[in-house]
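Below: the structure, in structure tokens.
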Protein chains: 2
Amino acid sequence: MTATTVHQPTHREALWALEDAFERGDLITVFGRCTVEYDGRAASSLGVGRRLLVLKPDGTALVHTDENQKPVNWQPPGSEHHAAVRDGRLRVRSVHTSPDETLAVRFETVEQLSAMSVSGRRDLSVTGSEADLRNALLDRPALIESGFEPLATERPTDAGPIDLFGRDSDGRPVVVELKRRRVGPSAASQLQRYVAAIEREEGDNAAVRGILVAPSVTDRARRLLAEHELEFVAVEPPSSTGDAGENNTLDTEPAETNAFDLAVDDSAHDSAGDATGNDESEAAGTVPADEESN
Amino acid sequence: MTATTVHQPTHREALWALEDAFERGDLITVFGRCTVEYDGRAASSLGVGRRLLVLKPDGTALVHTDENQKPVNWQPPGSEHHAAVRDGRLRVRSVHTSPDETLAVRFETVEQLSAMSVSGRRDLSVTGSEADLRNALLDRPALIESGFEPLATERPTDAGPIDLFGRDSDGRPVVVELKRRRVGPSAASQLQRYVAAIEREEGDNAAVRGILVAPSVTDRARRLLAEHELEFVAVEPPSSTGDAGENNTLDTEPAETNAFDLAVDDSAHDSAGDATGNDESEAAGTVPADEESN
DNA sequence: CGTGCCAGGTGCCAT
DNA sequence: ATGGCACTTGGCACG
């Protein structure tokens, strides 16, 4: 069986199920009336209510209610889950170190507890990202400006990495900042920082141009750009919905996905549970394990 | 019963359970092997794998795997959930409009499906926010500088609202930007924008000071501050562990948030209940009207 | 409903 | 580890 569930368990039965699930490294969901306390980067307290608790084998904890996409409370990956029965009530604590933070869920009643082995495949490919936009523009630099010649991406500067750096047809340095969404003032500031950094690098006489590339720009940002004599070029966001896309069937390789409609088709591109003697049993589960990713 | 579960249901049984759950406005969890497709603000595709699907009565959909805090795929609140059996397989689509986006989950096998009535109480209060920091500084302006006199918070300017505005003991205008965490270059830029905006307002002769208040600052940001003659004041964030005031005891409200049921009658195709003879049954659930919040 | 900005942002990848 | 930044950012408050 790949998924086990206990209904209306006693708090102690729930604890046993949790211990087993921790042992197996399962994904766990617990539903019941509970209160939640968090203390760490901030502090919060949640009164009693019916909620869904999700415990992942990587140490993640999520407390979900009725609505909203984000959990009302949570604990980041790398935490260690502890379960115990105290005063006859199931209590789940999820503890993280560095930064130190703790999530404590105290159950009044446990309606249901499920454990399932989830071999999550995360071979997700997303098109329409900023990287896609950059690649599209590298393919067709004229979309930015006729005669524009890209020289580098992520070019490092004093002020951070420049999305796209190149020269115009007159040989003047051009700093290009890419945004996949409508931009506000902060993007203008960011571009300004980069332009200033390049000007410092190249010398005072250098006339460095700055171009913000995005689908659109707010009024305020447009004014800021004008103030600093920076430019704006509009590019459309990814089409996706427009035509019969059916673009991505991914397997191993990111297959040519037409990311931006303007740009033709190019792609982008445990624990141990030891009973502590008294009326306090405990179980813990986690996965710290650093794996070299990439 | 407040939580119902079906184990290893047939795809059609799962559909029935979904229909009932939609009807009741339940929080739903589905576990099984599935593929996921998303198309909207971006586009993505997820190969087959064992995952947990959470459907909320407010239209939220979450696809969770084994690890990570964020779902691998999701749909924001306000979407409409549709369920159908197609080619003998359970298929859940969650559709959002404006922005248009669709999440489609196709199940190979359904291991388990649970529905639970969740009275979500979101009576959460968090301490340690930027607002907390601001209030603390309003209480003790000397923490910023001896003689500093706060005049306004969220003071509007051309460049956006200033966290805290006041005057120093010499009567010079002071722009204060608050950050609850260690700050990078963007905060320095932000402060610089605000200072420039106030200088434009007050006239050229105005010597406007800018103070960045945060626990600490990165080297690069410190350099940027120096360049623009901006200042930095280190202030520790409020210690959550110290006093942590037991803030919220909120009133008990039944909270009639049954979302699905009321909304759905307008849907064109709604063949619920009896066997639809064919291999295509469908159910839909969504969010209701907005209730006056606050 | 768009605009702007904070967030316990999260996640990713660089140094 | 820290830093810098993108993100289907999410969420809220305000014009």
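Chain letters run A, B, ... following the sequence lines, proteins first and then strands; every chain starts at 1. Basis for what follows: all heavy atoms, side chains included, without hydrogens, waters or symmetry-related copies.
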Classify the nucleic acid contact of Arg134(B) as base, sugar-phosphate or nothing, counting any heavy atom under 4.0 Å across all strands shown.
nothing
Considering only NZ, NE, NH1 and NH2 on the basic side and carboxylate oxygens on the acidic side, decide whether Glu227(B) and Arg200(A) come within less than 4.0 Å.
yes
Inter-nucleotide P distance (dG8(C), dG4(C)), Å rounded
22 Å
Going through the distances and angles, do Arg93(B) and Glu37(B) end up as a salt bridge (charged side-chain N to carboxylate O under 4.0 Å, His left out)?
CA-CA 9 Å; Arg93(B) 271 165 46 93; Glu37(B) 306 278 335; over 6 Å; no
To the nearest Å, how far apart are Arg223(B) CZ and dG3(D) P?
12 Å
Does Thr97(A) use its side chain to pair, donor to acceptor, with the backbone of Asp100(A) at less than 3.5 Å?
no
CZ/Arg155(A): more than 12 non-hydrogen atoms of other groups inside 6.0 Å
yes
Looking at Arg41(A), does any N or O in its side chain come under 4.0 Å of the phosphate oxygens OP1/OP2 on dT10(C)?
yes
Round to a whole Å and report the spacing from CZ of Arg220(B) to P of dA14(C).
15 Å
Partner of Tyr194(A) by side-chain contact (heavy atoms from CB on, under 4.5 Å), out of Val208(A), Asp163(A), Val176(A), Val175(A)
Val175(A)
Under-4.0 Å side-chain N/O to phosphate OP1/OP2 contact, Arg193(A) with dC5(D)
yes
Can you tell me if the side-chain N/O atoms of Trp74(B) get under 4.0 Å from OP1 or OP2 in dT9(D)?
no
OP1 or OP2 of dC5(D) versus the side-chain N and O atoms of Tyr194(A): is any pair under 4.0 Å?
yes
Given Ser189(B) and Arg193(A), is the side-chain hydrogen bond (donor to acceptor under 3.5 Å, both in side chains) satisfied, shown in steps?
CA-CA 8 Å; Ser189(B) 290; Arg193(A) 286 209 311 274; 2.9 Å; yes
In whole angstroms, how far is the C1' atom of dG8(C) from the CG atom of Asn73(A)?
9 Å
Could you tell me whether Glu101(A) and Arg41(A) have a side-chain N and a carboxylate O separated by less than 4.0 Å?
yes
Separation of the C1' atoms in dT9(D) and dC5(D), to the nearest angstrom
12 Å
Under 4.0 Å between a side-chain N or O of Asn68(A) and OP1 or OP2 of dG11(D)?
yes
Could you state the atom-to-atom distance from CZ of Arg222(B) to C1' of dT2(D) in whole Å?
16 Å
Interatomic distance, Lys70(B) NZ vs dT8(D) P [rounded to whole Å]:
6 Å
May I ask you to say whether Arg180(B) pairs ionically with Glu130(B), meaning some side-chain N is under 4.0 Å from a carboxylate O?
no
Any donor-acceptor N/O pair under 3.5 Å between dG8(C) base and Glu101(A) side chain:
yes
Reading DNA chain D from 5' onward, which residue's closest nucleotide shows up sooner: Gln75(B) or Thr218(B)?
Thr218(B)
Gap between atoms CG and P, on Leu133(B) and dC6(C) respectively (whole Å):
12 Å
Whether over 12 other heavy atoms sit under 6.0 Å from Arg106(A) CZ
no
Which one, dG11(C), dC7(D), dG8(C), comes nearest to the side chain of Glu130(A)?
dC7(D)
Looking at DNA chain C, which of residues 154-162 of chain B put a heavy atom within less than 4.0 Å of it?
Ala159(B), Gly160(B), Pro161(B)
Could you check which residues of residues 175-191 of chain B get a heavy atom under 4.0 Å from DNA chain D? Sort them by number, please.
Arg182(B), Pro185(B)
Taking only residues two or more places apart in sequence, or in another chain, which ones meet Pro215(B) in a side chain to side chain contact (heavy atoms under 4.5 Å, CB included)?
Glu236(B), Pro237(B)
For atom NE2 of His96(B) and atom P of dC1(C), their distance in whole Å
10 Å
Send over the distance from Leu62(B) CG to dT8(D) P, rounded to a whole Å.
15 Å
Under 4.0 Å between any heavy atoms, over every strand shown, what does Asp219(B) touch: base, sugar-phosphate, or nothing? Just pick one.
nothing
